[in-house]
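Residue numbering restarts at 1 for every chain, and letters A, B, ... go by the order of the sequence lines. Everything numeric here is computed off the predicted structure, so don't read it as measured data.
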Amino acid sequence: MMRERETAAAASGRSSIDYADMLLLRFGEFTLKGKNRTRFEKTVLRHVKELVKPYPKAVLSKEFGRIYVTLNGEPARELAEALKNVFGIASISPVKVSRSEFEDILAVSRTFLEIIAPAKGTTFKVSARRVWKDFPHGSIEMNKLIATPLLQGYPGLLVDVKSPELELKLEIREGHTFIFCEQIAGVGGFPLGTNGKAMLLLSGGIDSPVAGWSSMRRGLEVECVHFYSYPYTSELARQKVVDLARVLSRYAGVIKLHLVPFTEVQTSFTGIGQDNLIITLMRRAMLRITTQLAEREGALAVVTGDSLGQVASQTLSSMNAIGRATVLPLLRPLVMMDKSEIVELSKTIGTYDLSILPYEDCCTLFVPKSPTTNPNLRIVEKIEATLPGYSARLDEAVAGTETLSITPYGDEKPSDVVPAQAGLQEEWF
Amino acid sequence: MLYWDYAAASPPYEEVVQTMEQIMKLHYANPSSLHRPGAEADRLITRSREVCAAALGVQPQEILFTSGATESNNLAVKGAALQYRSRGRHIVTTEIEHPSVYESCLQLKSLGWEVTFVAPGSTGVVDPEQVAAAVRRDTVLVSVMHVNNETGAVQPLREIGSRIKAANRRTLFHVDGVQGYGKLNTQIKEWQADLYSLSPHKVRGPRGVGILYVKEGVTLFPLLTGGSQEQGVRAGTENVAAVVASAKAIRMSGERREAFNLQILPLRNRLLEFVSGIPEFTVNSSRDGAPHIVHFSYPAVNGEVMARKLEELGMTVSTRSACSSRLAEPSRVLLSMGRNSAEALGGVRISLGDSHTEADVAALEQALLTAVQALNIVERGTR
């Protein structure tokens, strides 16, 4: 929490965009898909609204293919950093706004150039677009009318109309003209939830939050499911998962987290003398519980952080034996990715530092010395069929599940396993 | 015997003592332990953080518990300087800071940092203009106390804060709030302070705990390592009982601030007027100062002699800050205010607390008169 924000921004190497009066957000690939566009755009707008909330002076407006965020003094860099993570946003341009009068456009363009201060020898062009046809000068005429005085004032610039390093864009509209040159890449993808909903198995490791983010980027709404085995796993481990979900909620506005008490189910597998199958049995139980939760929540798939061959439960043969425990499609966004790629992504998403906190979670607990990489499905099914009270225990776990709605700036907490007031007397404070 | 040294240490509230006792008996577990008693002890720390944050108008995660305000000040100054050394190696502070700030700056100086010490005016108040003028591009930290511990002079923190930030918005602002809390309004946000130190035992809490407010987003280089307590900024097993009792004292003293002023200000004003009427004294406090400190110099003898004489007459006073009162050197604070060395050697500090009454002050006045008469005779005899 006491991480320094400034150095992170400095390290990203981008020049300051504090000059901006407005941010121009462009929608991504989905604009090509005609009939769903309104719904998609509305979803993006809702997401943007959520992220702009902490900046009360900023004003939003929407137009075909774009969203404008008028800053009114709110910090451009911070907002751009937050908004480029909105799924469905392809790019962001920091914009200076002038009145749509020639003298004013020229004056603001001059200031703009001074702020950007391009190095000597930078190639340059002006691209004007006259949207408001009553403006007295046409687009091509404007290019010249603006570029000529700018070049006189800035003799170091070289004209290059084919592929300039600096392209000063002018959009002349009724009332206001937008002046900009920079494009910050957005995360792209589909607006949140426009491709339906799935349950994400969130363990607390490096992979599962990345799998969640990847799903969200493709327009899936995800609800997180976490299994904990108190007292074998600590409350810190649960808090860690809440914190991970909170990072994911930055991309979703709000995210649901289901905390499933797994102690009874997990310990029931330890006494059957088939230690090498414990993980297979555990993973299947998790899928069964998640499937029940999915039905309740109206989700149509289960997302996992499986990456082929990474651990014993992620061999093809294990995936086969485990996956048969659910009828829902299993989505594995990371299945063909290398660990190093996943780690890189988790750093970008902001979950890595949390993921590497060393708390015991239920997947590292009671792990046998040599888990099988090739579980025999028939034996597994037979154990489950003969284990007394198996399905009742699964139902109990579902019934005991606590659900939280996590928001980026909230402080939602799971109810305490040790009651909050235990040993605490308010008169001490 | 009447106790007039509240600025050095104050008697703990009865409730604070009870809290300490109960928690020491019940919650001896280590808050870092994974078992249930450990989790319970950890909750007490969490709750204490919330209570302190509410009293200061900040967020719980911005509160750090240390072993005392001396550690808080050391951590604020050296922790910030070391963490942000790549931004620059220049610190601005004042001539009148408590030794824990002043000497931390001297230590940094000996390691190659540049330190600008701003002198106060003759009233002991520093000029915000002068502080801001000292801020440069490479100034990492400005440290200014809220209330001077010898004279009670109140520093214009709001003006200082806004001018520092105007001069260099990256410069961090540390306020040593030890003598101000519970007496004056604490306005961390309005001052634009990034760091703020507090000492519970000055506000009728227990010894052994200090508080440091660290604004969200500010990182400090840890001075104590070897554990992940206090978000890794300050290793060491938490002093659970004293932390909880400190939270209580901070809350109570904050709530009682106005009542404290109503009770103490008339007494302070009366005493101030009285010492101003004694021609042998040079008064170093003013009505604009903190409500609990009256400081004067009696240049004829060492402050220590006056203090001993008063003790003989049943009055416990200090010569200056307790942390430096065993030094036989002239007071750095008084010298920086332009006092001569006799005046700077002859300082006496009277600090009031909420147990004092009009009758107590009358008795003190009588004792002061007696002491001056006695010492005047001695002095004339030796001449």
List for me each residue that meets side-chain hydrogen bond (donor to acceptor under 3.5 Å, both in side chains) alongside B/Ser197, sequence neighbours excluded, and say none if there are none. B/Asn73, B/His174
Using a cut-off of 6.0 Å, state whether more than 12 heavy atoms not belonging to B/Leu34 lie near its atom CG. no
Check whether any side-chain heavy atom of B/Leu44 lies under 4.5 Å from a side-chain heavy atom of A/Phe429, and answer yes or no. yes
Can you tell if the side chain of B/Glu15 reaches within under 4.5 Å of the side chain of A/Glu427, non-hydrogen atoms only? no
Rounded to the nearest 0.5 Å, how far does CG of B/Leu26 lie from CD of A/Gln425? 6.5 Å
Measure the CH2-NZ distance between A/Trp428 and B/Lys248 for me, rounded to the nearest 0.5 Å. 10.5 Å
For a quick test of your reading: what N or O donor-acceptor pairs under 3.5 Å do the side chains of residues 49-56 of chain A make, sequence neighbours left out?
residue : atom : partner : partner atom : Å
A/Glu50 : OE1  : A/Lys53 : NZ           : 3.3
A/Tyr55 : OH   : A/Glu78 : OE1          : 3.0

Pull out the residues in residues 47-58 of chain B that come under 4.5 Å of chain A, heavy atom to heavy atom, sorted by number. B/Arg47, B/Ser48, B/Val51
Heavy-atom pairs under 4.5 Å with chain A, option from B/Ile250, B/Thr46, B/Thr19 with the top count: B/Thr19
Could you tell me whether B/Lys189 atom NZ has more than 12 heavy atoms of other residues or ligands within 6.0 Å of it? yes
Take a 6.0 Å sphere around CZ of B/Arg257 and say whether it holds more than 12 heavy atoms from other residues, nucleotides or ligands. yes
Listed by chain and number, what are the side-chain hydrogen bond (donor to acceptor under 3.5 Å, both in side chains) partners of A/Thr403, not counting sequence neighbours? A/His258
